[in-house]
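No experiment lies behind these values; they were computed from the predicted model shown. Letters A, B, ... mirror the listed sequences (proteins, then strands); counts begin at 1.
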2 protein chains.
Amino acid sequence: MNVKLATEIGKCLSNKPRVQILEWLKEPEKHFPPHETLKHFNDGVCVTYIQEKAGLSQSTISTYLTNMEKCGLLIMTRHGKWSYFRRNEDTIKAYTKFLI
Amino acid sequence: MNVKLATEIGKCLSNKPRVQILEWLKEPEKHFPPHETLKHFNDGVCVTYIQEKAGLSQSTISTYLTNMEKCGLLIMTRHGKWSYFRRNEDTIKAYTKFLI
DNA sequence: CGAATATATCTATAATCCTCGATATATCGA
DNA sequence: TCGATATATCGAGGATTATAGATATATTCG
């Protein structure tokens, strides 16, 4: 972790919907219905469910999630036509360690 | 800590100079000269020293520091005509706890 | 008091971000 | 293969932020 990467992460965490998404993904089963195809949450939640919960457009949420993945906050796993996103606890931990 | 406050903190941490300032203030004695009047770093560092080190204008740094104080990242102590800023470890810890 | 110094606030402009709709790409199912 | 579904990317308009200079306020000192 360094100032540059920390700043990129900070940018992701500078907007309410994105912070909210990161919070929701702490406990996906509490905030999202189980996916009709994949019954578990092992790889997180698909874009559509997050989009519906956030109430923003599909393109906006897709961009958010991609950016959060780029700076390491999220991990994406593709299953067929679905992209699942879950938290990357390693990066989050490294970031908090950097701040303290 | 809640999503709203966390987002405000995230905004402060979304810009390189501000992240850098928070890092410098971890160990003021390593990054700043001792103040000519106050010889210790108990209350942090004065605006002018931070401004010179950051290489940005006085008004910019003053605004940054004030905003960082408003969301609880920094603590300000006034000594005569100088404003000293130091980290507010309580808020920083609460923020990292919120993220994890 | 008046000058000097340190900081805060105001105002303005350029840069960046937010968010969307439109469109492109990828995958699945009939 | 074609149509439907899920996601990604592009392009644009409005909103916010970055940063500076000018000015205001507060404090010290002669």
Side-chain angles (χ1 to χ4, degrees), chain A residues 3-4 6-22 25 32-38 41 43-71 73-86, chain B residues 3-4 7-22 25 32-38 43-71 73-86:
Chain A
V3 172
K4 190 178 164 63
T7 303
E8 288 310 305
I9 292 175
K11 280 182 190 173
C12 280
L13 299 176
S14 71
N15 150 295
K16 204 166 163 184
R18 287 189 299 257
V19 173
Q20 188 72 80
I21 288 169
L22 205 65
L25 291 179
F32 302 96
H35 196 270
E36 47 186 284
T37 302
L38 236 64
F41 288 103
D43 293 322
V45 180
C46 71
V47 177
T48 304
Y49 284 7
I50 297 174
Q51 187 239 309
E52 284 169 354
K53 176 120 182 143
L56 292 171
S57 77
Q58 185 270 324
S59 67
T60 297
I61 295 299
S62 177
T63 304
Y64 283 1
L65 294 173
T66 302
N67 287 344
M68 291 171 83
E69 194 219 357
K70 269 183 192 149
C71 73
L73 280 174
L74 298 181
I75 296 170
M76 179 183 87
T77 310
R78 187 101 194 193
H79 285 283
K81 56 183 171 178
W82 293 284
S83 294
Y84 289 77
F85 287 88
R86 69 181 193 278
Chain B
V3 173
K4 190 178 165 63
T7 304
E8 289 311 305
I9 292 175
K11 281 181 189 173
C12 280
L13 300 176
S14 71
N15 151 295
K16 204 166 163 184
R18 288 189 297 258
V19 173
Q20 188 73 80
I21 288 168
L22 205 65
L25 291 179
F32 301 96
H35 196 271
E36 46 186 284
T37 303
L38 236 64
D43 293 321
V45 180
C46 71
V47 177
T48 304
Y49 285 7
I50 297 174
Q51 187 239 310
E52 284 169 355
K53 177 122 182 141
L56 291 169
S57 77
Q58 185 270 324
S59 66
T60 296
I61 295 298
S62 176
T63 305
Y64 283 0
L65 294 173
T66 302
N67 288 344
M68 291 171 83
E69 194 218 357
K70 269 183 191 149
C71 74
L73 281 174
L74 298 180
I75 296 170
M76 179 181 88
T77 311
R78 187 103 193 190
H79 286 283
K81 57 182 171 176
W82 293 284
S83 294
Y84 288 78
F85 288 88
R86 67 181 194 277

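A 4.5 Å side-chain heavy-atom check between B:Leu74 and B:Leu22 finds at least one atom pair inside the cut-off. Side-chain atoms of A:Ile50 and A:Ile21, non-hydrogen and from C-beta on, do get closer than 4.5 Å to each other. In this structure the side chain of B:Ile61 never reaches within 4.5 angstrom of the side chain of B:Thr48, judged on heavy atoms.
Shown here for A:Cys12 and A:Leu73, the closest heavy-atom pair between the two residues is CB-CD1, 3.7 Å. Nearest approach of B:Phe32 to B:Tyr49, heavy atoms of both residues: CE2-O, 3.8 Å.
Sorted by residue number, the members of residues 76-84 of chain B with any non-hydrogen atom under 4.0 Å from DNA chain C read B:Met76, B:Arg78, B:Lys81, B:Trp82, B:Ser83.
Taking the 5' to 3' direction, DNA chain C first and last meets chain B under 4.0 angstrom from a heavy atom at C:dT5 to C:dT9.
Partners of A:Phe85 under the ring pair (Phe, Tyr, Trp, His ring centres under 6.0 Å) rule, at least two apart in sequence or in another chain, do not exist in this structure.
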Show the atom names and distances, to 0.1 Å, of all donor-acceptor pairs under 3.5 Å that link a side chain in residues 51-58 of chain A to residues at least two apart or in another chain.
unit_1  : atom_1 : unit_2  : atom_2 : d
A:Gln51 : NE2    : A:Leu56 : O      : 3.0
A:Ser57 : OG     : A:Ser59 : OG     : 3.3
A:Ser57 : OG     : A:Thr60 : N      : 3.2
A:Ser57 : OG     : A:Thr60 : OG1    : 2.9

Give every pair of a protein N or O atom and an N or O atom of nucleotides 18-22 of chain D that lie under 3.5 Å apart, one pair per line with the distance.
unit_1 : atom_1 : unit_2  : atom_2 : d
D:dA18 : OP1    : B:Arg18 : NH2    : 2.8
D:dA18 : OP2    : B:Arg18 : NH1    : 3.3
D:dT19 : OP2    : B:Asn15 : ND2    : 3.1
D:dT19 : OP2    : B:Tyr64 : OH     : 2.1
D:dA20 : OP2    : B:Ser57 : N      : 2.7
D:dA20 : OP2    : B:Ser57 : OG     : 3.0
D:dA20 : OP2    : B:Thr60 : OG1    : 2.9
D:dA20 : N7     : B:Ser59 : OG     : 3.2
D:dA20 : N7     : B:Thr60 : OG1    : 3.4
D:dG21 : N7     : B:Ser59 : OG     : 3.4
D:dG21 : O6     : B:Ser59 : OG     : 2.9

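By the 30° and 60° cut-offs, the orientation of the rings of B:His35 relative to B:Trp82 is perpendicular.
Of the candidates B:Val47, B:Asp43, B:Ile75, B:Asp43 is the only one forming a side chain to side chain contact (heavy atoms under 4.5 Å, CB included) with B:Tyr84.
Residue pairs meeting the side-chain hydrogen bond (donor to acceptor under 3.5 Å, both in side chains) criterion with at least one member in residues 9-20 of chain B, sequence neighbours excluded: B:Asn15-B:Tyr64.
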